[in-house]
Amino acid sequence: MTERELPALTRAEQDLVDRYLRIVDLVARLNPARDSGHFDVRGCVLAAQALAAEAKAIGVVAETMLERGEGELHVGTLAQAMRALDGERRIGRLRLPKS
């Protein structure tokens, strides 16, 4: 399996990774110094509202995992899944642009 292939994950792990990356995308939309050169305040409001909903959803996923006895996750496998889903580029949008 190459690093870009999605590893085998439980449904809960898939949901956790998916929701985490959605949160990353929303936080990137809240970044007032992002590379686009402008900051849309209405977009900021919508992203903040969606962020609250995604944070709640990720909590539900984590609670479900705990109820099923999933108390630990394999970090390497989850990182591989995030890389396969373009996580490095997406997380890179959280950084400040170079001056």
Side-chain angles (χ1 to χ4, degrees):
M1 172 179 340
T2 67
E3 193 172 275
R4 292 292 177 187
E5 291 178 0
L6 196 58
L9 301 171
T10 67
R11 181 67 189 153
E13 288 172 331
Q14 291 172 14
D15 287 345
L16 184 69
V17 168
D18 185 46
R19 299 241 179 233
Y20 174 78
L21 290 174
R22 285 185 197 170
I23 287 171
V24 166
D25 290 339
L26 290 167
V27 172
R29 285 179 51 195
L30 294 171
N31 181 357
R34 65 182 185 258
D35 290 334
S36 66
H38 71 279
F39 186 71
D40 177 27
V41 177
R42 182 175 312 282
C44 176
V45 170
L46 295 173
Q49 292 169 340
L51 182 60
E54 286 298 328
K56 184 174 182 176
I58 207 168
V60 170
V61 170
E63 288 172 1
T64 300
M65 293 174 81
L66 285 173
E67 289 170 2
R68 294 179 185 166
E70 298 176 64
E72 294 182 8
L73 301 172
H74 298 281
V75 174
T77 303
L78 295 178
Q80 183 181 356
M82 285 188 237
R83 282 187 201 95
L85 296 169
D86 203 22
E88 289 176 319
R89 181 193 61 79
R90 294 161 82 175
I91 290 169
R93 294 175 49 219
L94 302 178
R95 296 186 183 97
L96 292 174
K98 295 180 181 179
S99 52

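No hydrogens, no waters, no symmetry mates; every other heavy atom, side chains included, goes into these values. A quick note: this is a predicted structure, and the numbers were derived from the prediction, not measured.
- The two residues L30 and A47 make their nearest non-hydrogen contact at CD2-CB, 3.8 Å.
- Between the side chains of R83 and Q80, no donor N or O sits under 3.5 Å from an acceptor N or O.
- A distance of 4.5 Å separates CD of E70 from OG1 of T10, quoted to the nearest 0.5 Å.
- For R22 and D18, the salt-bridge test passes: some basic side-chain N is under 4.0 Å from an acidic carboxylate O.
- Closest approach of N31 and L94 over heavy atoms only: ND2-O, 3.5 Å.
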For this session: Run the numbers on L51 and R29 for side chain to side chain contact (heavy atoms under 4.5 Å, CB included), then give the verdict.
Result: CA-CA 10 Å; L51 182 60; R29 285 179 51 195; over 6 Å; no
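- Contact detail for I58 and Y20: the closest heavy-atom pair is CD1-N, 3.9 Å.
- Checking side-chain atoms of R90 against main-chain N and O of L85 turns up a donor-acceptor pair under 3.5 Å.
- Interatomic distance, CD1 of I91 versus CG of L21, reported as 6.5 Å (0.5 Å rounding).
- Taking every heavy atom of both residues into account, T77 and P7 meet most closely at O-CG, 3.5 Å.
- With rounding to the nearest 0.5 Å, the separation of CG in L46 from CG in D40 is 8.0 Å.
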For this session: Verify side chain to side chain contact (heavy atoms under 4.5 Å, CB included) between M65 and L73, making sure each step is shown before the conclusion.
Result: CA-CA 10 Å; M65 293 174 81; L73 301 172; 3.0 Å; yes
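- Side-chain heavy atoms closer than 4.5 Å link hydrophobic residues (I, L, V, M, F, W, Y) into clusters, and following such links, possibly through other members, connects L6 to L78.
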